Chemist: 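Sharing a structure here in C-alpha cells format.
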Amino acid sequence: MASADSLVVLDFETSGMSPDYGDRAIEIGAVRLEKGVVVDEFQALMNPGFRVSGFIENFTGISNQMLAKAPPCEQVMLQFADFFGDSNLLAHNASFDQRFLDSEMKLIKRAYKGEFCCSMLVGRRVFQDAPNHKLGTLVNYVDLPVDGQFHRALYDAQMTSGIWLAMLEKIRADYACHDISFATMKKLSRVSKKQVAGFLASM
DNA sequence: TGCCAGGCCCTCTTTAGGGCCTT
C-alpha cells in the first residue's frame with residue numbers, strides 16, 4: 001500500500017482561475033518525497049502563448065518578459081509528466097491544481113495513474129484551531145522556516161510538503177499511528193471534523 | 001482582480017446561500 005510520505009507535491013502558477021475559460025499553466029513546481037525526505041525537485045516556467053494580466057504579473061512576480069523566454073507549455077508538461085510518472089500527488093486546494101494538470105495533460109495527450117490528495121482538506125481536519133487554512137497561514141502555524149517567495153510554484157510546493165510532513169508527524173504523535181497510508185489520508189480528507197479523532201484512533 | 005470557476009463545508013440546510021481556498 002502506498003505510503004503517505006512518498007509522493008509528488010506540486011503547485012501550478014496559472015494565468016487565471018479556470019482552464020475551461022482558456023487559462024493556462026505558466027509555471028510548475030514540484031518536490032518528490034520519499035519516506036518523508038525531499039529527494040528531487042522540478043521547476044519550470046512555461047509560455048502559454050498569450051500575455052498574462054498585470055494582476056498575475058504582480059501576484060506571482062512572473063512577468064510577460066520572463067514567459068516570452070520560456071519554452072511552450074507542451075514542452076514543459078511532457079518533461080513534468082516524465083517527472084511525476086504514476087506517483088500519487090498532493091497539492092494545497094488540490095481541486096485547483098488537478099483541473100490544470102488534467103487540462104494540460106489532455107493537450108499533450110498523456111494520462112496519469114496517480115491519485116490526488118489535498119493538504120487543505122486534511123489541514124482543516126488536523127489543524128482545526130488554525131486561524132484559517134491558507135497555505136501561508138499554515139506555514140506560520142506549523143512554524144516552517146520562511147525564506148522564499150510565496151506564489152512561486154516550487155516554493156509553494158516546498159511549503160506544502162512541509163505542512164504535509166507536519167500533519168503526518170502530528171497524527172503519529174497524537175494517535176500513535178505509524179505507517180500512515182496515502183489512502184488513509186485521502187479518507188481523512190473526507191471525514192467530518194467531528195469524526196476526525198475517532199477515525200484516526202481506529203487506524 | 002474580474003463580464004468569467006468549482007469543490008468543499010457550514011448553517012439561519014437539504015425546495016439554499018454564502019464563505020473558504022486556489023491563480
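Chain A is the first sequence line, chain B the second, and so forth, proteins listed ahead of strands; every chain is numbered from 1. Since we're looking at a predicted model, the values are computed, not measured.
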Chemist: Given the ring of A:F83, does A:R32 sit roughly above its face, with NZ or CZ under 6.0 Å from the centre of the six-membered ring and within 45° of the axis?
Modeler: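 That pair qualifies as a cation-pi contact.
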Chemist: Examine distances only and state if a side-chain atom of A:N64 and a backbone atom of A:V52 form a donor-acceptor pair shorter than 3.5 Å.
Modeler: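 The answer is yes, because a donor-acceptor pair under 3.5 Å joins these two groups.
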Chemist: Which whole number of Å gives the distance between the C1' atom of B:dT13 and that of B:dG19?
Modeler: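 Their C1' atoms lie roughly 15 Å apart.
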Chemist: Identify whether any heavy atom of A:S189 sits under 4.0 Å from a base atom; if not, whether one sits that close to sugar-phosphate; answer base, sugar-phosphate or nothing.
Modeler: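 Here A:S189 touches the backbone only, sparing every base.
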Chemist: Suppose you measure atom C1' in B:dC12 against the same atom in B:dG17; what distance do you get, rounded to whole Å?
Modeler: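 Approximately 10 Å lies between the C1' atom of B:dC12 and that of B:dG17.
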Chemist: Which pairs, with at least one residue in residues 3-21 of chain A and sequence neighbours excluded, count as a salt bridge (Lys or Arg N to Asp or Glu O under 4.0 Å)?
Modeler: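 Sorted result for residues 3-21 of chain A: A:D5-A:R172.
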Chemist: Can you tell me if A:D23 and A:S15 form a side-chain donor-acceptor pair at under 3.5 Å?
Modeler: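 Result is yes, a qualifying pair exists.
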Chemist: Can you tell me, in whole Å, how much space there is between the C1' of B:dC3 and that of B:dC8?
Modeler: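 That atom pair is separated by 26 Å.
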Chemist: Going by the salt bridge (Lys or Arg N to Asp or Glu O under 4.0 Å) test, which pairs reach into residues 34-44 of chain A, not counting sequence neighbours?
Modeler: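 For residues 34-44 of chain A: none.
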Chemist: Classify the ring geometry of A:F12 against A:F100: parallel below 30°, tilted from 30° to 60°, perpendicular beyond 60°.
Modeler: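 A:F12 vs A:F100 ring planes: tilted.
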Chemist: Which parts of nucleotides 16-23 of chain B does protein reach within less than 4.0 Å, heavy atoms only, written one letter per nucleotide 5' to 3' as B for base, S for sugar-phosphate only and - for none?
Modeler: ----BBBB
Chemist: Starting at the 5' end of DNA chain B and moving along, which residue's nearest nucleotide shows up first, A:R190 or A:Y21?
Modeler: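 Per heavy-atom nearest nucleotide, the more 5' residue is A:Y21.
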